[in-house]
Number of protein chains: 2
Amino acid sequence: MTTAENILSTLLKDHGYSITSQRLLVFNLLIGQEPMTMHELIDRTNGKIDRASIYRIIGLFDQIGITQRLNIGWKYKIELTDKFAEHHHHLTCLNCHKVIPINKNELEDFIAQLATVQGFTPIDHQVEIQGYCQNCSKKVTKAKLLN
Amino acid sequence: MTTAENILSTLLKDHGYSITSQRLLVFNLLIGQEPMTMHELIDRTNGKIDRASIYRIIGLFDQIGITQRLNIGWKYKIELTDKFAEHHHHLTCLNCHKVIPINKNELEDFIAQLATVQGFTPIDHQVEIQGYCQNCSKKVTKAKLLN
DNA sequence: AGATTATTGCAAATTTGTTGCAATTATTAT
DNA sequence: ATAATAATTGCAACAAATTTGCAATAATCT
């Protein structure tokens, strides 16, 4: 078992979920890779896992902070969270949809960086913050995660 | 014609598109409202516009900078761009998906603001920058916009 | 190892988004 | 104003993405 797999296993157990070969496979397909679409992820499992299960696994991974969705226009890509990779921001090309990661920890650095990024013309940007509002419990009940 | 409708009309004409009742209706359903899903938008047209046309209209609005997509997990909502509303960022609740707009112009202010936002527990955030990379022309040909 | 509980695969359904084409509406040039 | 031209819409069908119920399988607990 790799270090990353150990972290994954702990996260799953701590949240009361089992460690399955499918979950390990999906995880290992994501680690060290560029963010990928659901389609790409499904392709890379080579039919070894059913599509429905992959959706359920990613849904679960999202909920317990293993993966997150990186939004590109109205599509999204999946990537591991900061637990498994450097904190990073992205430049995404409106035209070819290439995702260029920027490894900067501070938002200010990031903004300063902007002007100097070789050849990239920023058109727009968004800051998104996810969390829980006053009215919502921080606790995500397990019931909600499954169908 | 309202001021906003005049800006819309100018934008459409400047890009070589016609002003139609459908486009005006979609625009007016968005103005002054919270960001909404495609589903909500379709609902609010009360069958007055076909779904396919609404998709085409939003696609066009996106391209000429009238609307933009606000990403929430793996869904998105539609909102007017800064041309029609204050520049803003959002807090989105992972649980109820409520979108709380934050009216701050500077990213730094925004980050400082974070700690003080009443009752909101931030879990994660992303900064997304859209633009064009070195390899891609800044020009979006009209041909690409239509089907 | 056997009992219990969670997870998966399968098949079908639903939801979301796209397309071709004829009918309609907007714009342009009389 | 009206006719000609070009753009846009509605319709109906299609395609892709995501979800669901349920029986079969695999993981965990004793």
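Here is how names work: the chains are called A, B, and so on, in the same order as the sequence lines, proteins then strands, and each is numbered from 1.
- A donor-acceptor pair is defined here as one N or O able to donate and one able to accept, closer than 3.5 Å; no such pair exists between the side chain of A/Q33 and the backbone of A/L30.
- Sequence order on DNA chain C of the closest nucleotides to B/K13 and B/K75 puts B/K75 first from the 5' end.
- Whole-Å rounding puts the A/R69 CZ to D/dT18 C1' distance at 10 Å.
- Across all their heavy atoms, A/S18 and A/L12 have their closest contact at O-CD1, 3.8 Å.
- In this view, B/N28 and B/E5 satisfy the side-chain hydrogen bond (donor to acceptor under 3.5 Å, both in side chains) rule, not counting sequence neighbours.
- Partners of B/D50 by side chain to side chain contact (heavy atoms under 4.5 Å, CB included), not counting sequence neighbours, listed by chain and number: B/A52, B/S53.
- Taking atom CG of residue B/L25 and atom P of nucleotide D/dT8, one finds them 17 Å apart after rounding to whole Å.
- Side-chain N/O atoms of B/R56 and base N/O atoms of D/dG10 include a donor-acceptor pair closer than 3.5 Å.
- The nearest whole Å value for the distance from the CD1 atom in A/I54 to the P atom in C/dT8 is 10 Å.
- Side-chain N or O atoms of A/K83 include none that pairs as donor or acceptor with a backbone N or O of A/I66 at under 3.5 Å.
- Contact annotation: B/W74 side-chain N/O to D/dT19 OP1/OP2 distance is under 4.0 Å.
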request  = Start with the C-alpha distance between A/R69 and A/K77, add both sets of side-chain angles, then the distance that settles side chain to side chain contact (heavy atoms under 4.5 Å, CB included), and finish with yes or no.
outcome  = CA-CA 6 Å; A/R69 318 246 179 167; A/K77 294 190 176 184; over 6 Å; no
Dump every N/O contact between nucleotides 24-27 of chain D and the protein below 3.5 Å, one line per pair.
{"residue": "D/dA27", "atom": "O3'", "partner": "A/I19", "partner atom": "O", "Å": "3.4"}

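- Whole-Å rounding puts the B/I42 CD1 to C/dT18 P distance at 11 Å.
- In this structure, A/R23 contributes its side chain and A/L8 its backbone to no donor-acceptor pair below 3.5 Å.
- Straight-line distance from the NE2 atom of A/H15 to the C1' atom of C/dT7: 18 Å, rounded to whole Å.
- A/M36 has its CE atom 16 Å from the P atom of D/dA17, to the nearest Å.
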ask   = Going through the checks in order, is the side chain to side chain contact (heavy atoms under 4.5 Å, CB included) test met by B/F61 and B/I78?
value = CA-CA 10 Å; B/F61 279 9; B/I78 299 148; over 6 Å; no
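- Inter-residue side-chain proximity for B/I58 and B/M38 is flagged as met; some heavy-atom pair is nearer than 4.5 Å.
- Atoms CD (B/E40) and P (C/dT16) sit 11 Å apart, rounded to a whole Å.
- Each end of the helix from C/dA1-D/dT30 to C/dT30-D/dA1 gets its own axis from five base pairs, and the two axes differ in direction by 50°, given to 10 degrees.
- Applying a 4.0 Å cut-off to non-hydrogen atoms, the residues of residues 45-53 of chain B that approach DNA chain C are B/R51, B/A52, listed by residue number.
- Summarising the geometry, the separation between CD1 on B/I58 and C1' on D/dT8 is reported as 15 Å, rounded to the nearest angstrom.
- Here the side chain of B/T81 pairs no donor or acceptor atom with the backbone of B/T67 at under 3.5 angstrom.
- Residues that satisfy the ring-ring contact (aromatic ring centres under 6.0 Å, His included) test with B/F27, not counting sequence neighbours, are B/F84.
- Between C/dG17 and B/Y55, a contact under 4.0 Å exists linking OP1 or OP2 to a side-chain N or O.
- One finds a side-chain N or O of B/H39 lying less than 4.0 angstrom from the OP1 or OP2 phosphate oxygen of C/dT16.
- Counting heavy atoms from C-beta outward, B/Y76 and B/T37 have side chains that stay 4.5 Å or more apart.
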